[in-house]
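Letters go in sequence order (proteins before strands), and every chain restarts at 1.
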There are 2 protein chains.
Amino acid sequence: MRVPATIRDVARASGVHISTVSRTFSAPHLVNPETRSRVLACAEHLGYRPNRAARALITGRTHNIGLIVADIANPFFPPLIKAAESQARHRDYHIFVTDTNEDPAVEEDLVHALAKQVDGVLLCSPRMSNSLIEQLSREVPLVVINRQVTGLPAVVMDVGQGARLAVEHLTGLGHRRIALLGGPRGSWTNREIRRAATAAARAGDAELIVLGPNQPTEQGGLAQADPVRRAGATAVLAYNDLMAIGLIEGLDSLGVRVPEDVSVVGIDDIALSRLTRPKLTTVANPTAAAGRAAVDMLLQHGDDRRTTAQVTLQTELVIRDSTGPAPAALPAVTEATVKE
Amino acid sequence: MRVPATIRDVARASGVHISTVSRTFSAPHLVNPETRSRVLACAEHLGYRPNRAARALITGRTHNIGLIVADIANPFFPPLIKAAESQARHRDYHIFVTDTNEDPAVEEDLVHALAKQVDGVLLCSPRMSNSLIEQLSREVPLVVINRQVTGLPAVVMDVGQGARLAVEHLTGLGHRRIALLGGPRGSWTNREIRRAATAAARAGDAELIVLGPNQPTEQGGLAQADPVRRAGATAVLAYNDLMAIGLIEGLDSLGVRVPEDVSVVGIDDIALSRLTRPKLTTVANPTAAAGRAAVDMLLQHGDDRRTTAQVTLQTELVIRDSTGPAPAALPAVTEATVKE
DNA sequence: ATGAAAGCGCTAACAT
DNA sequence: ATGTTAGCGCTTTCAT
């Protein structure tokens with residue numbers, strides 16, 4: 001790879017000053033059409049491309065947006081990422097995605113690393129503390145997704161409402177003993193779900209058993225199959241679809257049938273939830289809309305720093321095949337184990 | 001957000017020259033411990049962080065790596081991404097992931113956009129032409145994953161071997177009419193699979209019917225359910241697990257049972273393939289190893305540009321529940337429809 | 001319409 | 001051990 005051509009090489013080759021070359025690329029209308037085409041030809045010939053980093057140093061705009069997610073392997077994120085990317089592309093921006101591995105320390109490190117290379121960062125389902133987020137927001141413009149931080153623009157999906165609908169659906173089916181499979185520590189969403197589910201259970205005259213915190217993965221759900229059975233719950237609301245699917249898998253190998261013995265509700269409505277057997281009843285999160293909204297907020301944010309709006313997106317209960325009427329009696333297995 | 005502190009602010013506050021501040025961060029051993037701690041204190045107090053972009057401009061090293069994938073929503077990629085990230089982190093590098101939406105034009109645009117902001121780009125399952133890739137490699141160091149481009153370092157998974165094993169498995173089970181669900185246009189992997197499957201089918205005295213190209217998604221697989229049935233195939237090898245899962249779904253709604261009527265083999269061994277019913281027989285791709293290898297190649301690459309090695313990783317057939325003996329006769333449905 | 005000059009934030013010789 | 005100087009590649013006044 002030979003060394004890339006700079007603006008100076010192009011200037012020399014086309015016999016003009018570097019500022020003219022610069023204008024040719026960043027303000028073409030300011031340069032004589034003839035000169036322009038000559039410069040363009042030389043640039044083309046030399047394989048010249050403006051150095052975006054150098055440009056950013058002086059303009060203060062990189063035209064990049066950072067997007068930090070907890071776990072790129074969680075199917076919840078890709079639709080959000082893709083929506084954000086397409087929205088960004090329309091506005092002539094690029095999205096750089098990074099994964100924190102659910103680790104708050106990595107999260108912080110990534111914000112610092114991205115800070116000067118992007119015009120802002122979308123912090124998606126962060127696991128770190130609010131105060132740290134506030135502090136980091138002084139280093140680079142931040143938009144938070146799935147978290148409310150005072151003073152910062154945020155996009156949240158009203159998962160509390162979704163959890164309420166889910167629990168109402170279950171109590172409506174006669175369930176009186178409902179387990180909640182909690183998500184990871186530090187998750188705002190997790191707290192919202194718990195708060196809403198607790199209230200809805202009380203209102204529906206049902207008991208809510210909280211199991212967790214758990215890893216928000218199939219494994220996390222799978223591991224709770226036995227605890228769910230022992231708790232004697234006839235219905236379960238899981239922190240997300242992945243856990244719900246893992247749980248169903250685990251219940252299945254314990255001989256517990258879904259939904260005949262136990263009803264299961266997930267949250268997110270990932271594509272996969274339509275492909276499993278039984279198809280998953282779940283709370284649909286408008287992830288794509290959230291991605292778009294976050295990009296919009298970040299970009300308009302630049303113009304007027306006072307509009308730190310917080311957008312709340314509605315969720316929706318999608319009833320499929322993993323929920324059904326509460327069984328007449330508790331599942332037989334439970335009778336023996338519950339008194340341990 | 002107040003304007004971020006620069007090296008000059010820190011210099012002024014601590015009463016030293018900016019070069020001393022610079023050294024404090026990039027070569028601490030060259031500065032007097034006392035001075036150092038004073039500078040550090042001032043930096044801390046001012047919230048100063050070195051501007052990585054400015055630093056990169058002069059050092060020529062960004063400590064970033066770009067990773068371009070065709071579709072972040074395809075579960076094939078996340079394990080590769082995560083492995084690459086963790087490997088990069090160990091070497092004090094950050095990975096920026098971008099998604100091309102399976103669009104070659106976006107792919108090219110992203111290479112340009114990333115070029116000066118990263119020290120190299122990992123091009124994962126590219127859809128663009130070899131010649132374009134070669135040309136782009138003059139702009140920024142490239143490591144190609146799942147493609148062989150002469151003169152460029154590459155990491156490929158030996159999917160040809162995997163496809164051969166899969167077809168041998170099927171012919172061994174008595175299948176003589178096998179359908180191949182092709183993947184997207186422009187995919188090197190797709191060509192490899194087709195080549196190997198064709199050869200293996202011939203060797204196994206079986207007929208190979210190629211259906212495609214298709215979108216490498218559940219939808220793509222689902223849409224081929226009817227064609228597969230009409231073709232009278234008793235076994236199918238799909239371009240990837242997603243398509244295999246979609247196909248099984250589609251066959252199911254046509255009343256075709258898997259594996260009793262039709263055997264299905266996927267490729268990739270995504271986590272999901274263990275969770276579907278039936279569990280998917282598939283060719284396991286060492287994606288994590290590929291991600292790590294690619295990062296290593298890119299980083300050592302810098303030292304010696306002549307070592308443009310091409311690494312080939314082995315694949316493996318994982319036999320689960322979606323394959324079985326060929327039915328004695330063709331499935332009943334087929335008899336009626338095949339003559340249309 | 002083009003050129004000259006300054007400078008974005010930083011590092012890297014070279015002095016001292 | 002620290003300061004001086006030049007300059008990475010580019011944009012942006014300000015002249016001409």
Side-chain angles (χ1 to χ4, degrees), chain A residues 2-40 42-43 46-64 112-119 139-140, chain B residues 2-40 42-43 46-64 112-119 139-140:
Chain A
R2 61 173 193 279
V3 55
T6 78
I7 200 173
R8 243 170 284 271
D9 300 323
V10 180
R12 202 172 307 123
S14 44
V16 296
H17 194 264
I18 61 163
S19 50
T20 302
V21 178
S22 173
R23 285 188 200 101
T24 305
F25 286 94
S26 30
H29 59 278
L30 291 181
V31 42
N32 185 306
E34 279 177 33
T35 324
R36 191 197 312 162
S37 57
R38 187 155 38 92
V39 170
L40 250 19
C42 291
L46 293 173
Y48 169 77
R49 295 249 160 200
N51 181 324
R52 306 178 102 235
R55 176 182 284 177
L57 193 56
I58 189 159
T59 61
R61 298 242 139 270
T62 63
H63 275 251
N64 298 142
H112 289 139
L114 283 167
K116 297 298 193 314
Q117 327 205 41
V118 300
D119 296 341
E139 200 173 328
V140 55
Chain B
R2 62 173 191 280
V3 55
T6 79
I7 200 173
R8 244 170 282 272
D9 300 323
V10 180
R12 201 172 307 123
S14 44
V16 297
H17 195 265
I18 60 162
S19 52
T20 303
V21 179
S22 172
R23 285 187 200 101
T24 305
F25 287 93
S26 30
H29 58 280
L30 291 182
V31 43
N32 185 306
E34 278 176 34
T35 326
R36 190 196 313 161
S37 57
R38 186 156 37 92
V39 170
L40 250 20
C42 290
L46 294 173
Y48 168 76
R49 295 251 160 198
N51 181 324
R52 306 178 102 237
R55 175 182 281 175
L57 193 57
I58 189 159
T59 62
R61 300 242 137 272
T62 62
H63 275 251
N64 298 142
H112 289 138
L114 283 167
K116 296 301 194 312
Q117 326 204 41
V118 301
D119 296 342
E139 198 173 330
V140 56

Exercise for the section: Starting at atom CD1 of A:I58, determine the distance to atom C1' of C:dC10, rounded to an integer number of angstrom. Expected result: 14 Å
Practice task
State, yes or no, whether a side-chain contact exists between A:L114 and A:V140 at a heavy-atom distance under 4.5 Å.
Solution key: no
Practice task
Report yes if the side chains of A:L57 and B:N51 come closer than 4.5 Å at any heavy-atom pair, otherwise no.
Solution key: yes
Problem - Whole angstrom value for the distance that separates C1' of D:dT13 from CG of A:L30 - result: 13 Å
Practice task
Using whole Å, report how far CZ of A:R55 lies from P of C:dG9.
Solution key: 18 Å
Handout entry: Distance in angstrom units between A:N51 CG and C:dC8 C1', rounded
Key = 13 Å
Completion exercise
Between CG of B:D9 and C1' of C:dC8 the distance, given in whole Å, is 13 Å
Problem - Pairwise distance CZ(A:R12) to NE2(A:H17) - rounded to 0.5 angstrom - result: 12.0 Å
Practice task
Would you indicate what B:R49 reaches in the nucleic acid, counting non-hydrogen atoms under 4.0 angstrom: base, sugar-phosphate, or nothing?
Solution key: sugar-phosphate
Practice task
Could you check if a side-chain atom of B:P28 sits within less than 4.5 angstrom of a side-chain atom of B:T24, using non-hydrogen atoms only?
Solution key: no
Problem - Length of the line joining A:R8:CZ and D:dT11:P, which is rounded to integer Å - result: 12 Å
Problem - Reported CD-to-CZ distance for the pair A:E34 and A:R36, which is rounded to 0.5 angstrom - result: 11.0 Å
Practice task
For B:R36 and for A:R52, locate the closest nucleotide of DNA chain D by heavy-atom distance; then report the residue assigned to the nucleotide nearer the 5' terminus.
Solution key: B:R36
Completion exercise
Between CZ of B:R12 and P of D:dT2 the distance, given in whole Å, is 19 Å
Completion exercise
Expected list for residues 16-29 of chain A near DNA chain D, using heavy atoms below 4.0 Å, is A:I18, A:S19, A:S22, A:R23, A:S26
Handout entry: Distance in Å, A:E139 CD paired with B:Y48 OH, rounded so as to fall on 0.5 Å steps
Key = 11.0 Å
Handout entry: Test side-chain hydrogen bond (donor to acceptor under 3.5 Å, both in side chains) applied to B:Q117 and B:N64, step by step
Key = CA-CA 7 Å; B:Q117 326 204 41; B:N64 298 142; over 6 Å; no
Fill in the blank from the handout: With the side chain defined as heavy atoms from C-beta on, B:L57 is closest, among C:dT11, D:dC8, C:dA1, to D:dC8
Practice task
State, yes or no, whether a side-chain contact exists between B:I7 and B:F25 at a heavy-atom distance under 4.5 Å.
Solution key: no
Practice task
Would you kindly give the CD-to-P distance between A:Q117 and C:dG9, to the nearest whole Å?
Solution key: 15 Å
Practice task
Ignoring the backbone of B:T35, work out which of C:dA1, D:dT2, D:dC10 is nearest its side chain.
Solution key: D:dT2
Exercise for the section: Return the angle between end axes of the helix from C:dA1-D:dT16 to C:dT16-D:dA1, with five pairs used per end and rounding to 10°. Expected result: 40°
Practice task
Enter the distance from B:L30:CG to B:S19:OG here, rounded to the nearest 0.5 Å.
Solution key: 11.0 Å
